[in-house]
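See structure below.
A, B, ... follow the sequence lines: proteins, then strands. Residue 1 opens every chain.
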Amino acid sequence: DAGVIQSPRHEVTEMGQEVTLRCKPISGHDYLFWYRQTMMRGLELLIYFNNNVPIDDSGMPEDRFSAKMPNASFSTLKIQPSEPRDSAVYFCASSYWGQGGQPQHFGDGTRLSIL
Amino acid sequence: AQTVTQSQPEMSVQEAETVTLSCTYDTSESDYYLFWYKQPPSRQMILVIRQEAYKQQNATENRFSVNFQKAAKSFSLKISDSQLGDAAMYFCAWRDQGGSEKLVFGKGTKLTVNP
């Protein structure tokens, strides 16, 4: 089975530009998560969806960040305008509800560098 | 708020030896799940092992096992017969059973395996 697919793997852009990160969850999974990883703050949950509906977006830093899940097989995380402090690795993960605490499966991440 | 603490920023072990990575957490919940994830230099987040808090038996996956002490809120990971491929960052994570799907991560422990 294909895992969680993220694109692009690397993104370098200039401050002020719009950045869009993409994620395709594992087929059949009904939860989708966006995480950010930095040296200073570690792994932080930004937002998660259940059945395409945002459930908890309390980790979204500010209005410059937005996430959508138009259907069960695709999600985007957008930053507009981008700033150097947004530089980080962004992970998408998916899981499904089930007894026993189903684990989240992570994509390979997008390394974002804002110059 | 729930917190996860990994007190060892770095650990090292000789190949074929055993190493234990520490993790403590703080929660008022009684039902939850605990996970260990591995992040090699390739950046992938890989599930190593998971534990359900209501199970007293410690989880085991091949060379990986945990020592789960619920009263002490401790969840250590033991790696037996360490291999060079075990070198990675290891993250401990907590998740509520009945509520949010949010994973709370520790800051990680960098494990070096010496030949």
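- Each of A:Ala93, A:Pro103, A:Gly42 has some count of heavy-atom pairs under 4.5 Å with chain B, and the biggest count is that of A:Pro103.
- Between B:Phe35 and B:Tyr33, the ring-plane angle classifies as tilted under the 30° and 60° cut-offs.
- Heavy atoms closer than 4.5 Å to chain A are found in the side chain of B:Leu47, but not in its backbone.
- Between atom OH of residue A:Tyr48 and atom OG of residue A:Ser94 there is a gap of 14.5 Å, rounded to the nearest 0.5 Å.
- Between B:Phe105 and B:Phe91, the ring-plane angle classifies as perpendicular under the 30° and 60° cut-offs.
- If you measure heavy-atom distances from A:Leu45 to chain B, the contacts under 4.5 Å come from the side chain alone.
- B:Ala87 approaches B:Val113 most closely through the heavy-atom pair N-CG2, 3.8 Å.
- For B:Glu101, the parts sitting under 4.5 Å from any heavy atom of chain A are the backbone and the side chain alike.
- A tilted orientation is assigned to the rings of A:His29 and A:Tyr96, their planes being inclined by 30° to 60°.
- Formation of a donor-acceptor pair under 3.5 Å by the B:Tyr90 side chain with backbone atoms of B:Leu21 is not found in this model.
- A:Asp63 CG: 12 or fewer foreign heavy atoms inside a 6.0 Å radius.
- Shortest non-hydrogen contact noted between B:Tyr25 and B:Leu34 is CE2-CD1, 3.7 Å.
- Contact annotation for residues 10-22 of chain A against chain B (heavy-atom separation below 4.5 Å, listed by residue number): A:His10.
- Looking at A:Glu44, there are no atoms closer than 4.5 Å to chain B (heavy atoms on both sides), in backbone or side chain.
- Contact count against chain A (heavy-atom pairs under 4.5 Å) is highest for B:Arg43 among B:Arg43, B:Gln44, B:Met45.
- Both the backbone and the side chain of B:Ser100 come within contact range of chain A, each with at least one heavy atom under 4.5 Å from a heavy atom of that chain.
- Most heavy-atom pairs under 4.5 Å with chain A: of the set B:Lys102, B:Gln97, B:Lys55, B:Gln51, this distinction falls to B:Lys102.
- Between A:Arg85 and A:Glu62 there is a salt bridge, since a side-chain N of the basic residue sits under 4.0 Å from a carboxylate O of the acidic one.
- For residues 69-115 of chain B, the pairs satisfying disulfide bond (SG atoms under 2.5 Å apart) are B:Cys23-B:Cys92, with sequence neighbours left out.
- Residue B:Gln6 does not touch chain A at all, counting heavy-atom pairs closer than 4.5 Å.
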